[in-house]
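Here is the structure we will look at, set down as structure tokens.
Note on naming: letters A, B, ... go to the chains in the order of the sequence lines (proteins, then strands), and numbering restarts at 1 for each one. Treat the numbers as computed from the prediction; the structure is a model and nothing was measured.
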Amino acid sequence: MLKIDGVSRRFGEVTALDEVSLEIGQGEFFALLGPSGCGKTTLLRIIAGFETPDAGTVTLDGEDLLAKQPNRRPISLMFQSYALFPHMTVAKNVAYGLERERLPRQEIKQRVGEVLETVGLSAHASRKPAQLSGGQRQRVALARSIVKRPRLLLLDEPLSALDKKVRADMQLELKRLQHEVGITFVVVTHDQEEAMSLADRIAVFDSGSVRQVDEPISLYERPRTPFVADFVGANNLFQGTASGLDGIKSAEFGMLAGTPLTDLEPGAKALLAVRPEKLVLAEGNATRGLSGSVLDVSFYGGVSHLSVDVPGHVKPVLVAVQGASSVRQGAKVKVRWEAKDAVIMAADQ
Amino acid sequence: MLKIDGVSRRFGEVTALDEVSLEIGQGEFFALLGPSGCGKTTLLRIIAGFETPDAGTVTLDGEDLLAKQPNRRPISLMFQSYALFPHMTVAKNVAYGLERERLPRQEIKQRVGEVLETVGLSAHASRKPAQLSGGQRQRVALARSIVKRPRLLLLDEPLSALDKKVRADMQLELKRLQHEVGITFVVVTHDQEEAMSLADRIAVFDSGSVRQVDEPISLYERPRTPFVADFVGANNLFQGTASGLDGIKSAEFGMLAGTPLTDLEPGAKALLAVRPEKLVLAEGNATRGLSGSVLDVSFYGGVSHLSVDVPGHVKPVLVAVQGASSVRQGAKVKVRWEAKDAVIMAADQ
Amino acid sequence: MSRSRGRRLGAFVFLSPGLTYLLVLLLVPLALMMSYTVFQRGRFGGVVYEFTMENFARLADPLYVGVVVESLKIAAVTTVIALLVGYPTAYLIAQLPRKWKTIALVAVVLPFWTNFIIRVYAWVILLSGPGLINSGLKVFGLGPLDLLYNEGAIVAGLVYSYLPLMVLPLFAAIEKLDPQLREASANLGAAPLTTFRKVTLPLSLPGVMTGCLFVFVPSFGNFVIPELLGGSKSIMVGNLIRQQFLSARDWPFGSTLALAVIAVLIVLVVVQAWVARRA
Amino acid sequence: MRRSKLLYVPFWATYAFLYLPIIVLVVMSFNSGDSAYSYEGFSLKWYGELAKDERVLDGVVNTLIVATGATVIATVLGTLLAVGLVRHTKSKVLEAVSLMPAVLPDLVLAIGLLVFYGMIQLTLGLYSAILAHGVFAMAFVAAVVRTRLSGADTSLEEASRDLGAGPVATFMKITLPQLMPGIVAGALLAFTLSLDEFVIAFFTIGNSDQTLPIVIYSMIRFGVTPKINALAAILLLVSFTAVIAGQRLTKIGESRAQD
Amino acid sequence: GGESSSGSNGSTVAAADQLKPNADLSKQSLQITVWDGYTPETLPQKVKDKLKVKDVQIQLHDTNEIAMNKLTAPGDSGIDVAFVSGQYAQALNEQGLLEPIHPELIPNLANLYPEATQLSYDKGNKYSVPYTWGTTGICYRTDLVKAKPTSWNDLLKPPAWAEKKVTMMTTERWLALPALKALGYSVNTDKDDEIAKVRELLMAQKPHLLTYDDTTFGDRLKSGEAVMVEAWDGWCPTTDPKGNIAFQVPKEGSDLWVDTMVIMKSSKNKEAAHALINYILDPSIHSWAAENINYKVPNKAAMEQVKIAKGSLLDIPPAKLLDGESIIDLGQASTKYTRLSSDVQAK
Ligand SMILES: Nc1ncnc2c1ncn2[C@@H]1O[C@H](COP(=O)(O)OP(=O)(O)OP(=O)(O)O)[C@@H](O)[C@H]1O
Ligand SMILES: Nc1ncnc2c1ncn2[C@@H]1O[C@H](COP(=O)(O)OP(=O)(O)OP(=O)(O)O)[C@@H](O)[C@H]1O
Ligand SMILES: NCCCCNCCCN
Ligand SMILES: [Mg+2]
Ligand SMILES: [Mg+2]
């Protein structure tokens with residue numbers, strides 16, 4: 001449906017996008033993930049028509065999008081900074097897009113009422129944006145873009161100012177729009193859980209380039225590059241050299257068990273990544289595993305994170321355990337994992 | 001150190017704050033948590049001096065704060081909307097507060113350089129805010145308020161636009177400021193994990209009132225009101241009537257095990273709350289537990305969430321298990337928990 | 001409380017210099033002039049300090065009422081045209097890169113750093129019977145057209161003379177608008193004209209109001225242009241006041257006419273403020 | 001966003017409209033005849049005539065002094081007044097007073113000031129004209145700046161206060177720069193209006209001082225001569241040069257500041 | 001006119017003796033207000049050299065009217081000598097603003113034509129001294145008119161060939177003058193019915209006019225935009241090299257206008273002011289106006305120095321000029337003319 005091909009955009013010295021190519025299917029929920037400043041907003045603005053790429057093409061169902069004026073594109077963009085009309089009430093802001101389609105008054109009124117109900121702002125319909133809290137503004141912006149039910153919805157960090165409860169409701173609503181109305185979504189989010197739970201596919205960006213496009217579980221479990229492994233979720237990375245199908249050879253720890261995702265020349269520099277929740281913690285006198293001592297235990301509501309200092313490894317190793325942990329700071333422990341739970345990839349040059 | 005006493009603020013019909021009282025200690029990291037629009041920003045603005053409360057007092061070390069001009073308060077506020085000076089470069093924005101203190105040029109330059117390094121924007125020092133991405137702007141705002149090292153730092157959703165990695169770095173930096181420099185923090189966040197892991201104490205707000213002030217673990221494990229139980233983290237709530245020290249009597253399920261936090265009249269309406277990660281899932285033919293069938297399994301990177309339809313209970317019961325779950329959708333299961341893992345509180349009237 | 005003391009101090013610091021200045025150099029002289037409205041003209045000019053209300057009675061003269069109405073009409077047409085011409089210009093100047101912005105802005109006022117009367121004469125040269133435009137038309141065997149000495153010429157001259165007074169406030173108002181709002185509007189399906197009507201225009205309304213006031217007021221009171229481009233064949237309120245002060249040396253009635261003009265304009269200003277607040 | 005090319009039509013049309021008469025008057029300044037009305041042939045004689053005329057030169061100098069003085073007064077007081085009106089009072093009366101000079105017929109202000117100066121026995125000079133021009137110029141600056149200020153976001157000022165800046169520093173470092181386009185527009189207006197003002201200057205300036213408009217008005221009893229056109233042409237040339245030089249200088253200043 | 005001269009007599013007596021013929025002029029300086037180009041540019045310097053006064057400053061005014069407002073405002077205008085037309089001098093005097101002329105300080109008054117002391121606004125030059133004089137008539141293009149204009153009616157009811165090629169003056173008294181004369185009335189009438197008749201004539205004329213104009217009618221004739229205009233003699237460009245412009249005083253008669261010099265009562269330099277007027281009346285100086293700006297001067301000695309071409313504008317003898325009726329200020333009735341001109345010019 002949406003095809004982005006070799007799109008680049010430079011701002012003076014800065015390369016915001018560097019030959020980005022993506023294909024997004026009809027009805028797909030597509031998430032963009034990447035560090036701050038990597039070009040996500042720029043890409044959305046190009047699709048919506050507010051930036052012109054220096055190179056590359058963007059087509060929607062085969063039709064050249066770049067040739068179209070922004071107001072003729074069947075696309076809604078929710079701006080990262082909301083861009084609410086300050087002189088209009090909340091209801092007027094939301095009705096704006098519908099009025100442009102010359103829908104009957106009655107229908108506009110009804111749809112605006114419904115969407116305000118959905119975002120929980122019915123009581124605020126006649127206020128001006130300046131009289132709203134930050135999260136309320138964000139919800140108005142969201143309502144304004146979803147009420148149009150465009151073919152393609154671009155959301156730039158749509159839920160970042162919302163609390164967990166409201167956010168969950170909004171996520172449900174977005175899913176409903178995807179399934180019932182068949183809208184295609186491209187959503188920028190820095191919330192990985194959100195990306196993981198909502199998206200059909202996720203593109204990971206870095207410095208203006210796409211690093212990996214994959215389904216959430218694949219992305220999480222089979223990162224292709226050290227950047228993705230490190231960026232998506234927490235990960236423990238060990239350096240070494242490739243050594244057959246079941247591990248890498250590490251200078252400090254000898255063989256470390258793991259599964260290579262791609263062919264690697266034996267002896268080539270390689271990286272092994274293993275998730276904190278895949279790690280198993282054993283008593284310090286257990287036979288297998290890397291020895292270390294617990295540096296810190298922190299409780300993240302539901303899960304406890306332990307950082308374990310493993311002599312020979314630069315960063316502390318992170319371990320996640322369900323519930324409050326019984327292990328105390330300073331305890332001597334062993335850390336180990338299964339080969340199938342660790343992935344091996346080529347190290348960056 | 002900071003004492004807020006009976007502070008109220010109304011905007012026309014809206015009561016943004018309703019007799020809020022809080023005491024925050026020297027060097028404490030205090031978090032404000034609450035749904036969108038509950039009055040968090042308003043409270044910070046009152047402390048900083050940009051709103052005048054309709055009633056109540058605010059003192060800092062016993063000194064009346066309200067009588068002081070904003071610029072004479074030893075307080076920095078990071079605005080939710082950043083409020084960066086558009087006509088100044090990033091470096092100038094950050095230097096602004098230091099220049100007001102008439103520090104030597106050299107020192108200003110050095111401190112600005114350091115803080116920009118910390119927030120990862122050294123390369124952007126000479127750009128104007130309009131040339132930055134959303135997350136970069138937020139980091140400038142953060143840098144601008146922390147560089148002053150005020151006695152009290154008020155941060156209004158300081159990290160909401162940042163990706164996980166940068167956010168973790170920033171969190172560390174905030175902790176460092178708290179410990180090394182001894183700054184007192186009041187931070188608004190909608191990110192509960194953030195609040196849990198950073199804060200010494202958390203105040204939960206709702207509709208302009210404080211509902212509970214507690215340390216993170218207490219708040220999570222011993223919510224005092226249904227609102228807090230429901231708002232902080234995910235929770236499964238069961239209705240019934242109080243019945244002694246070890247459970248409630250539910251119309252549908254009979255006795256449900258739990259621990260009351262306060263004295264409850266036997267027979268009074270009560271609510272039992274139990275966390276998803278405290279639930280244990282057993283085969284459908286196990287002896288104990290509530291029977292249900294798995295509605296949906298979703299994978300949130302590291303943890304799997306299952307929703308289980310328990311006939312007789314309105315909402316599906318949420319269960320969290322470590323790693324990818326082996327239980328499939330549609331499976332018949334039993335759900336149970338220990339009395340010590342469930343809390344019992346009075347139901348709202 | 002100190003907040004409100006601070007606010008009062010602010011009000012004092014910001015308001016008192018300008019208001020003191022205006023009190024001494026505007027209100028006092030104005031009060032002097034307005035005191036003449038209840039006195040009589042001396043036989044040979046000057047003022048005889050005998051109370052009379054006759055000057056106000058003279059205002060009802062259909063001749064003067066007619067001129068006021070006509071002036072309102074001409075000033076209104078001028079204002080509308082200046083707005084239509086000035087808005088797109090101000091809009092585009094506001095979008096220019098910064099270094100061009102100042103140049104374009106100065107270029108709007110630069111012609112006015114010559115001299116009013118010379119510029120108006122330049123229009124005479126352009127529009128007159130044997131003038132430039134008619135000479136041009138003649139080459140094509142057309143014309144000559146009666147371009148000068150009619151209300152059209154007055155309006156053209158007024159628009160020309162007061163265009164900067166429209167463009168500059170509009171610029172100041174438009175320049176501050178967040179471009180993202182226009183983008184949001186386009187994104188929601190609004191054609192450029194709709195975006196203009198629904199977003200840009202309402203948000204720049206204070207500038208529109210100020211610009212309109214700036215053009216309307218001097219147009220209403222102008223006297224040179226009706227003389228030179230209108231051939232004095234239709235005069236405006238400004239001519240009336242001027243005739244009373246200069247030809248008739250009738251300060252009392254001249255002041256009374258001025259008071260009437262101020263009253264009309266104040267009504268307009270109040271209406272403007274009201275509209276601006278509603279917007 | 002791409003801008004519609006169509007918008008450039010009224011844009012350029014406006015400049016054409018503004019400069020067409022200017023071109024005409026420059027051309028006529030080279031007229032060999034003595035009419036500014038009908039072109040008879042090329043000649044520089046009027047520039048020669050102009051050079052001989054000391055009054056004109058004096059007039060130019062006096063005009064610049066008056067306009068500059070009035071602009072400075074108007075810009076400073078008008079900006080303060082605008083901020084005061086928007087931020088520190090709700091009084092409609094003060095608002096009306098601040099607009100009054102703009103709606104006052106110039107003869108009324110002129111004669112009123114003449115009478116007032118007479119009453120307080122002020123000896124007229126350049127400064128009395130500067131003070132007089134300051135009155136109407138201030139109204140224009142205040143109105144334009146108010147336009148700029150209305151609906152402006154106050155959070156920047158709050159941020160400044162929060163970072164320890166007092167009201168004065170906040171005004172100078174934050175409010176003023178935000179208002180700058182409005183202040184520049186207002187000051188340009190004030191300067192332009194003062195430069196060209198005749199009636200008020202005539203009545204309030206000292207007898208031995210004349211501004212250029214006074215000189216020119218007295219000269220045109222017989223109609224405009226090419227001599228005045230020559231003067232206008234030179235004024236234009238000087239203004240253009242000054243503006244472009246100013247532009248160059250600020251650009252250099254800016255690039256220095258960047259380093 | 002009778003009333004006004006009694007007023008002026010009063011003030012003449014009041015201040016007669018205070019001036020010292022031998023005052024030290026080097027302690028006095030002069031502020032003069034005058035039309036641009038009306039006196040030699042070198043005048044200030046010459047006066048300083050000749051009279052040894054401290055300083056001479058020229059202030060320019062563009063019209064009588066605007067000068068009048070400055071001169072009549074309360075307080076000291078700072079002006080010593082003003083150049084204004086006759087009826088304005090009269091009005092200034094009526095308001096008690098003028099210093100009576102001290103003839104003993106102006107020996108050159110003897111140079112004036114005898115006729116120049118009999119001007120109706122100021123018989124005997126009690127408070128004003130005439131500087132230039134002339135009349136009003138029809139200025140026209142000899143090559144573009146089908147018939148030479150001889151009557152004010154040729155202007156008031158323009159023939160078809162002059163349609164929209166005729167201009168009239170806008171200043172109120174001269175606006176009314178052609179109609180007043182055509183109807184046989186006095187230029188100084190204050191009768192409402194007569195003024196009403198004038199209004200009718202002017203209203204009927206208006207649609208056929210090119211424009212009202214009292215500054216650039218000469219240019220309009222030269223360019224051919226107009227063929228026939230109401231004009232003051234001195235402004236009719238009969239000296240144009242093409243030689244196709246002529247001036248005609250219509251048969252119904254016209255006015256006599258006089259531009260005069262007056263001394264302000266508020267002046268602190270009255271001796272120097274008198275000395276200045278005396279100096280200007282010197283034939284070698286006074287002839288400048290006739291030689292350079294084509295104005296007749298009421299100075300017999302001066303006119304005798306000037307070469308006058310036969311039939312030129314300068315070739316109108318004083319006696320003939322005095323046939324014209326001097327416009328005088330009508331006091332309260334003068335506002336009728338203001339209203340008349342507003343009325344005619346309003347749409
Ligand atoms: N100027 C105002 N006029 C009217 N109501 C206002 C105004 N400012 C805030 N409110 C209302 O006051 C309440 C509290 O607002 P506040 O900004 O403090 O919320 P918040 O807790 O910061 O929310 P969020 O998390 O969404 O930023 C909200 O309901 C908001 O709509
Ligand atoms: N107008 C501009 N001028 C110069 N650089 C710009 C401009 N706009 C964006 N950039 C730069 O381009 C890069 C990409 O910006 P973009 O806004 O697309 O980032 P983002 O991925 O949306 O980041 P965030 O998550 O922080 O919002 C950033 O480094 C930013 O600084
Ligand atoms: N400068 C010469 C003036 C000749 C005519 N005087 C009458 C002036 C009327 N406004
Ligand atoms: Mg972004
Ligand atoms: Mg908030």
Side-chain angles (χ1 to χ4, degrees), chain A residues 12 41 44-52 65 68-89 92-103 108 112 115 128-130 137 140-156, chain C residues 3 7 83 87-88 90-92 94-101 169-213 271-279:
Chain A
T41 297
L44 294 198
R45 287 175 53 81
I46 286 176
I47 301 172
F50 303 122
E51 299 277 359
T52 318
L65 254 193
K68 277 196 169 171
Q69 287 295 308
N71 57 307
R72 301 214 183 280
R73 305 186 185 192
I75 295 175
S76 272
L77 167 65
M78 176 186 162
F79 289 73
Q80 190 172 8
S81 54
Y82 317 153
L84 298 181
F85 303 127
H87 58 303
M88 298 181 190
T89 61
K92 273 278 163 202
N93 262 283
V94 176
Y96 191 85
L98 300 178
E99 282 168 0
R100 299 290 77 72
E101 293 173 11
R102 304 188 189 289
L103 295 185
I108 293 180
V112 169
V115 78
K128 295 268 175 78
R137 285 178 208 175
V140 177
L142 181 64
R144 190 174 70 174
S145 55
I146 63 178
V147 75
K148 285 206 69 167
R149 303 194 182 163
R151 277 166 58 203
L152 177 60
L153 195 49
L154 311 174
L155 305 177
D156 201 348
Chain C
R3 285 281 286 168
R7 209 164 290 159
L83 180 61
Y87 202 107
Y91 184 89
L92 268 180
Q95 318 300 318
L96 289 176
R98 234 182 55 171
K99 63 173 183 181
W100 289 111
K101 220 180 265 186
L170 280 178
F171 163 81
I174 296 170
E175 208 259 353
K176 72 175 178 188
L177 300 186
D178 181 358
Q180 281 212 347
L181 297 180
R182 288 195 291 273
E183 293 179 352
S185 171
N187 181 255
L188 291 165
L193 214 61
T194 313
T195 297
F196 172 75
R197 216 161 34 87
K198 296 275 179 183
V199 177
T200 312
L201 184 62
L203 286 172
S204 59
L205 214 51
V208 173
M209 290 299 163
T210 307
C212 286
L213 186 77
V271 170
Q272 176 237 289
W274 183 75
V275 173
R277 213 164 312 125
R278 292 261 322 236

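- Looking at A/R72, there are no atoms closer than 4.5 Å to chain C (heavy atoms on both sides), in backbone or side chain.
- In this structure, the side chains of A/Y82 and C/Q180 stay at 4.5 Å or more apart for every pair of heavy atoms.
- With a threshold of 4.5 angstrom between heavy atoms, A/F85 approaches chain C through its backbone and through its side chain.
- Heavy-atom distances place the side chain of A/M88, and not its backbone, under 4.5 Å from chain C.
- For C/N187, the parts lying near chain A are the backbone and the side chain together; criterion is any non-hydrogen pair under 4.5 Å.
- Interface residue A/L84: only backbone heavy atoms are found under 4.5 Å from chain C.
- Exactly one residue among C/V199, C/D178, C/L203 makes a side chain to side chain contact (heavy atoms under 4.5 Å, CB included) with A/P86. That residue is C/L203.
- By the neighbour-count criterion of 12 heavy atoms within 6.0 Å, atom NZ of A/K92 is sparsely surrounded, having that number or fewer from other residues, nucleotides or ligands.
- Side-chain atoms of C/S204 and C/Y91 form no donor-acceptor pair, as typed in the model, at a separation below 3.5 Å.
- A 4.5 Å side-chain heavy-atom check between A/F79 and A/T41 finds every atom pair outside the cut-off.
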